[in-house]
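Worksheet for the structure shown next.
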Amino acid sequence: AQTVTQSQPEMSVQEAETVTLSCTYDTSENNYYLFWYKQPPSRQMILVIRQEAYKQQNATENRFSVNFQKAAKSFSLKISDSQLGDTAMYFCAFSPSTSGTYKYIFGTGTRLKVLA
Amino acid sequence: DTGVSQNPRHKITKRGQNVTFRCDPISEHNRLYWYRQTLGQGPEFLTYFQNEAQLEKSRLLSDRFSAERPKGSFSTLEIQRTEQGDSAMYLCASSSRTGSNSPLHFGNGTRLTVT
């Protein structure tokens, strides 16, 4: 079975500092996609960043970057220069691309609070 | 692109009643997903459609749950004989392009409370 694990239920960071959120996954697939989604309080979930497993280069989107370690099945999210608007639940998600299913599997989330 | 729209935003119902939720995906998206999210948890996959075909259903989706996407556009999720354990946020998401894992675009969800 494919699973996604986020071992940090809650984290906090001072404004302007850097924080890293952890995610590990388990799969026998060789090709797949990984995502980080952000869900602000009482607002809809939005995509933060996306990584394709066959690409060795880590994805970056402005202040957000990932550390993708395929052998270790690890996919962490680094937020640099944290802002108050980054306060949200963050979900790691996995989607296989070779098994014929396009189901997305989510972790349990990390609640991030950015402190002023 | 008006985004994914879900109605109603909130639904309160008594145990044993039937409820139906609607999802309107982004117009050019051919895949549509339903997820359930309880407080403090991640979204749990329920089912997904490619156009009008329902391609996969989770074992979480008991026979009281049914989803349709009759013309490959909007979708409905019906829960029959609701139970208190059905109380949750029901999220709809859509994505585009067959053959690739395009990111999901989520709606605001429908919060169901079963009393």
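Letters A, B, ... mirror the listed sequences (proteins, then strands); counts begin at 1. Just so we're clear, the structure is a prediction, and the values are computed from it rather than from any experiment.
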Rounded to the nearest 0.5 angstrom, the CG-CE distance for B/N108 and A/M45 is 11.0 Å
When rounded to the nearest 0.5 Å, the distance separating CD of B/E44 from CD1 of A/I105 is 12.0 Å
Flag if over 12 foreign heavy atoms under 6.0 Å of CG, B/L39: no
Checklist line | Over 12 foreign heavy atoms within 6.0 Å of NZ, A/K78 | finding: no
The interface call for A/Q39 against chain B, heavy-atom contacts under 4.5 Å, is side chain
Take a 6.0 Å sphere around CZ of B/R64 and say whether it holds more than 12 heavy atoms from other residues, nucleotides or ligands. yes
If one checks every heavy atom of B/Q41 against chain A at 4.5 Å, the contacting part turns out to be both
Between the CD atom in B/Q6 and the CD atom in A/Q44, the distance rounded to the nearest 0.5 Å is 9.0 Å
Here the pair of heavy atoms bringing B/P103 nearest to A/R50 is CD-NH1, 3.9 Å
| query | Counting only heavy atoms not in B/I12, do more than 12 fall under 6.0 Å of its CD1? | reply | no
To the nearest 0.5 Å, atom OG of B/S102 lies from atom CG of A/L47 at 10.5 Å
Less than 4.5 Å apart, side chain to side chain, heavy atoms only: is that true for B/L104 and A/F35?
no
When the 4.5 angstrom heavy-atom criterion is applied to B/Q37 and chain A, the contacting part is side chain
Separation between OH (B/Y33) and OH (A/Y104), nearest 0.5 Å, reads 4.5 Å
Tell me, yes or no, whether the heavy-atom count around B/R15 atom CZ, taken from other residues, nucleotides or ligands under 6.0 Å, exceeds 12. no
- Verify whether the ring centers belonging to B/F45 and A/F106 lie closer than 6.0 Å. no
